[in-house]
Amino acid sequence: RDLPEIRDDVFQVANSGAYPPFSYVNTQGELVGFDVDIAEALAKKMGVDVNIQSSPWNGIIAALAGGRFDACICSMSVTEERQKAVDFTDPYYSAGLSVWVQESTDDISSIDDLSGKQVGSTLGETGNQWAVENGEGKWRNQTFQGLPDMMNALTTGRVDAMIADDVPVLVAMQDNALAIKMIDVGELPRWPAAISIQKNKPELKEALNAALAEIKADGTYQDIVDKWIGKGANIE
Amino acid sequence: MDFDLMVEVTPLLIRAAWVTIDISSRAIFFGFFVACGLVFLQTFRFAPIRWFARGYISVVRGTPYFVQLLLVFYGGPSLGLRLDPVTCGVVVGAFNIGAYMSEAIRGSIESVDKGQSEAARSLGFGKAHTMVSIVLPQAASLMIRSVGVLAIVLVKNSSLVSIISVVELTYQAQRLIGSTYKPLEIFTLSALMYIVIIYAVMGIIELAYRRATRYTTQ
Amino acid sequence: MVEVRNVHKRFGDLEVLKGINLTVNRGKIISIIGPSGSGKSTLLRSVNQLEVIDEGAILLDGVQVNRPDMKGLAFERHINNIRQNMGMVFQHFNLFPHLSTIDNVTLAPRKLKGMDKKTARELGMEQLERVGLAEKADVFPNWLSGGQKQRVAIARALAMKPKVMLFDEATSALDPELVEEVNRVMRSLADEHMTMLIVTHEMSFARDVSDWALFMDGGVVVEECTPDKLFSNPDQERTRNFLQKHLDNNH
Amino acid sequence: MVEVRNVHKRFGDLEVLKGINLTVNRGKIISIIGPSGSGKSTLLRSVNQLEVIDEGAILLDGVQVNRPDMKGLAFERHINNIRQNMGMVFQHFNLFPHLSTIDNVTLAPRKLKGMDKKTARELGMEQLERVGLAEKADVFPNWLSGGQKQRVAIARALAMKPKVMLFDEATSALDPELVEEVNRVMRSLADEHMTMLIVTHEMSFARDVSDWALFMDGGVVVEECTPDKLFSNPDQERTRNFLQKHLDNNH
Amino acid sequence: MEFDFTPVITYFPTLLKGVGVASLVAIVVAFMSIVGGLIVAVISIYTNKVVSWPLRFFIWLFMTTPLLLQLYFLYFGLGEWVLIPAIVVGILGLGFHYMAYNAEIFIATIKSVSGGQYEASRSLGFGHWNTILYIIVPQALIRSIPQLGNNMILMVKDTSVLSAIGVAELVYASQYAISVSFRPFEFFIVIAMMYYVINILMELGQAWLERQTAYRR
Ligand SMILES: Nc1ncnc2c1ncn2[C@@H]1O[C@H](COP(=O)(O)OP(=O)(O)OP(=O)(O)O)[C@@H](O)[C@H]1O
Ligand SMILES: Nc1ncnc2c1ncn2[C@@H]1O[C@H](COP(=O)(O)OP(=O)(O)OP(=O)(O)O)[C@@H](O)[C@H]1O
Ligand SMILES: [Mg+2]
Ligand SMILES: [Mg+2]
């Protein structure tokens, strides 16, 4: 659906609901997070009613392609291949990959040290794609359905290292005393995260981009960053 | 274990468990009728009807449940079939489990001694009547157990309905783990709820089985 | 009246019935004897179409029973009607194990003739008394002795008050007293114009009860005549050999 | 030698055997006759402990068969040994439907006596020939006629070369020629010192084949004597009534 | 919706590898669950409570909880003490799961074999366990074929749950490909077809078995 139809109805937005602090269900059962607030702020600017729902990662693309949602505001990284299938708006933040190991690990300090190791990454993240494409013949990859599973695997020693977006892990470490550490492996690729919408919906894309610019300009955006990521954090 | 957390999330999980119960019980109920229909179609003399039933069973059993869900949910609207996610879960669940149940019923019927239906037929009972009065009561013991297994399978597989964004027990648990990083506590809770649901199903199966086999143990 | 005309039946390569002809008039009792494996059970099962025959015709009171021209539901209705008029007692009894004795007997009258429970029970008890099993009415088949099962099977078939009865080894599990009793029952049924086809191995029973006797071997009728003639002075060599013992005894 | 001493057996409230005594010497054939439901099958089943008796003792060659003192595995071993020496032919045959005829016959010798396949097949064919069924060796029981099934059941029991054979209605599905044949087989087995207990409804067969005859009614032995005496001039009124027809015929 | 199957072609080798892994798991699990289910059924019917109860409880646990949770517990829960490889965890979980289901079927079919069969075998001198082995179980197996076929067809598709613990079976392979290419329906259609081919093979096998045993009932 393009913008006119959405105006007559509600703006259907999806996220995975299992990716704190971007989107998750708190213990009151409410869907909250950075992505949720961004979605609400954008909808307000666009002047549409919004309905934000969660859908598991493995079904979220199908849901978008199948027309159940109009947009995924779900921390989705932009890649070339994905652009063939969906349209992305301007980025709304950028995510960086990082490598994590158990606190007691001392034999991994660079990408090369990962050779022969078991390396985890989560399905759907760009870290997963990066690890699979670069790990060929070097390390063994294991894909997890979500960050909690993967962190579990790391702390129980099922994987020697994990590659993940840095923000969620850092936030998770604040809330839970996890015995893991980030290692500095030099520059890893960063990907911009953007809102994905169905292909060929020019008006919607336009409106989202305009709204995004507006919330960045009027400070709403930074408020949301302060609230969820950390005071003064810069993730643009 | 973080018991405070467990207490806190229990109401959420119970609500999700209710979705699971709702979807599964309706799917099992309608699925049984789908199964009976399929068994019935296979008794037709007109071959294309039989082929249709066999083909249906083959395709439905042969392809994954979550693919069926996605195809019906997203492909349906283009054929004018617009279902809300829960209804879609019930409908696809019923048509899916129905195919399995029909095979279970067929197998149970075939395990009854042929002499029994011959005896009934020789008294003048028609095919359908023979089935209802003579064959089914004797097939019941095997049927109840094998259809019961499938009911249990359906309850468990109802977690796949989350792929069309229904928040049922497993998905709710996963979402909560995603935010709390407490897998042990939350999985334990959801496991307990599954145990209660499925234990109830097993209880019904056992009762029905006892009733159906009264005559052999008397 | 039952007529069997040139009936052929094959199981795969094995031709079990090779052109059987036979006529049983109303109210008559006909015995079929013959060695094991000669096709007696198959013939009886063909008469009420439990075995579909490959060739030939079977008629009940002039109505053709096998109808290769009829299909599906039409044939269903036709054959069910016919079978309600044709009782069968199986060599292996085939009692319904999930029903008590009385329910075994009354199921068909209740469901097929719409008889109410009470009338059906009365009728059933009457039939059970006839075969001396009234006190086993509420017992399940698994608890019955061999002879008791066989008698329940007879009562079950009789409860439908058929025009024709087919007995496959109707007395094999019965003691002499009961055989006598069954003989008496059959006679009284014949008087009520019931037609009966009996496969039996008990030659003296066959001789006593039947109006006509038939000797089968290898899927053909070797000889048919009155039982007295068959058991005292058969024409065929094969029959003579088969009945040797009985001929010896009774001459 | 088989001894049955004061055997009692109840099914719930129903006392089916009320103190049976009976002795069968080695190489002898004893017939048990009696009305339906009198407990004949139950007695035979008690002899090899398919029914656990409530009172009394059963002995095979002086060894007690029922051992209320023995439990679990010890009894298992004991009874399996005994049963290998005691063949049984059931009223309902109970052939194994998942095995071909020859496998039905050879399963026990192969698995219990460790006979190799070839020898077992030879033995099996020999037994099948004895009952005239060699050509049905590779056929499954469901394809057999009633008499054929019964003969396979006999062959199966004989293949274990038991010391004692228990026949429950061993000839009920057999035609006169085959009865004659079975009679002959039994005689030859008796000459090889096999002991036999036969429950039968065919009085002439009982008379021909057996060395001793026994009349049971209502769970007690009413009378026992030589078959000639029993069938011509029994002492008891009850026996006389039961055998009326046969006494009439043969006097 | 427009379809574009080019990504499917790119990832086809990965998908095929996934089919290989799924088949391997399925074959091992089929064997384990049928043999195990039979043993469980026999033990729970024929032995006393002391012997059968612990086993039945164990099976009950697998019956009442979802496979996914079991895999998590086995994989992460046990992870504190022993590290069982994911594929082994998967095979054990699936195996025990279907063992429980198959046991349900066997309990019913074993009980449906008539008492006369047991007696006939015992009267030949076969012991209790030999009778079960040579007479009861073969007949029960024949009667179980349609239901077992059902369970095994279900099981093949349940191998996809193993993706949750990183076993690279078919669905796992497709999920990765989807997350890269964003072409869900194309991949789902293709893996549905791959499963269907496996299913047809299984149905042919089942039909063959049913034909072979039809006259042995
Ligand atoms: N399992 C059982 N439970 C209850 N009663 C039984 C059981 N088996 C047999 N009976 C009863 O015990 C009595 C004796 O049965 P049994 O089979 O020994 O008779 P029988 O002398 O062999 O008769 P027949 O000549 O008809 O075979 C019958 O009245 C029968 O109903
Ligand atoms: N379903 C079947 N498939 C193949 N052969 C069969 C089938 N039923 C019967 N037969 C064969 O047909 C022949 C005739 O069988 P039938 O049962 O009619 O004999 P019968 O005369 O009744 O013998 P009996 O006196 O022993 O009962 C036998 O040789 C038997 O093996
Ligand atoms: Mg016959
Ligand atoms: Mg008896």
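This structure is a prediction, so every number in the text was calculated from the model and none was measured. The chains referred to below are lettered A, B, ... by the order of the sequence lines, with proteins before strands, and numbering in each begins at 1.
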Exercise. Counting a contact as any heavy-atom pair under 4.5 Å apart, which residues of residues 142-149 of chain D contact chain C?
Worked result: D:Ser145, D:Gly146, D:Gly147, D:Gln148, D:Lys149
Exercise. For chain C, which residues of residues 88-100 of chain D have at least one non-hydrogen atom nearer than 4.5 Å to it?
Worked result: D:Gln91, D:His92, D:Phe93
For this session: Please answer whether the main-chain N or O of C:Ser36 pairs with a side-chain N or O of D:Asp175 as donor and acceptor at a distance below 3.5 Å.
Result: yes
For this session: With chain C as the partner chain, list the residues of residues 12-20 of chain D whose heavy atoms fall under 4.5 Å from it, by residue number, and write 'none' if nothing qualifies.
Result: D:Leu14
For this session: Starting at CD of D:Glu177, measure out to CG of C:Asn241 and round the result to the nearest 0.5 Å.
Result: 7.0 Å
Problem set entry | Interface moiety of C:Asn183 toward chain D, non-hydrogen atoms closer than 4.5 Å | neither
Exercise. For C:Leu178, is it the side chain, the backbone, both, or neither that has a heavy atom closer than 4.5 Å to a heavy atom of chain D?
Worked result: side chain
For this session: Measure D:Lys40 against the heavy atoms of chain C and call it side chain, backbone, both or neither at under 4.5 Å.
Result: neither
For this session: Tell me, please, which residues at least two apart from D:Phe167 pass ring pair (Phe, Tyr, Trp, His ring centres under 6.0 Å).
Result: none
Exercise. When only pairs under 4.5 Å are counted, which of D:Gly132, D:Pro35, D:Gly39 shares the most heavy-atom pairs with chain C?
Worked result: D:Pro35
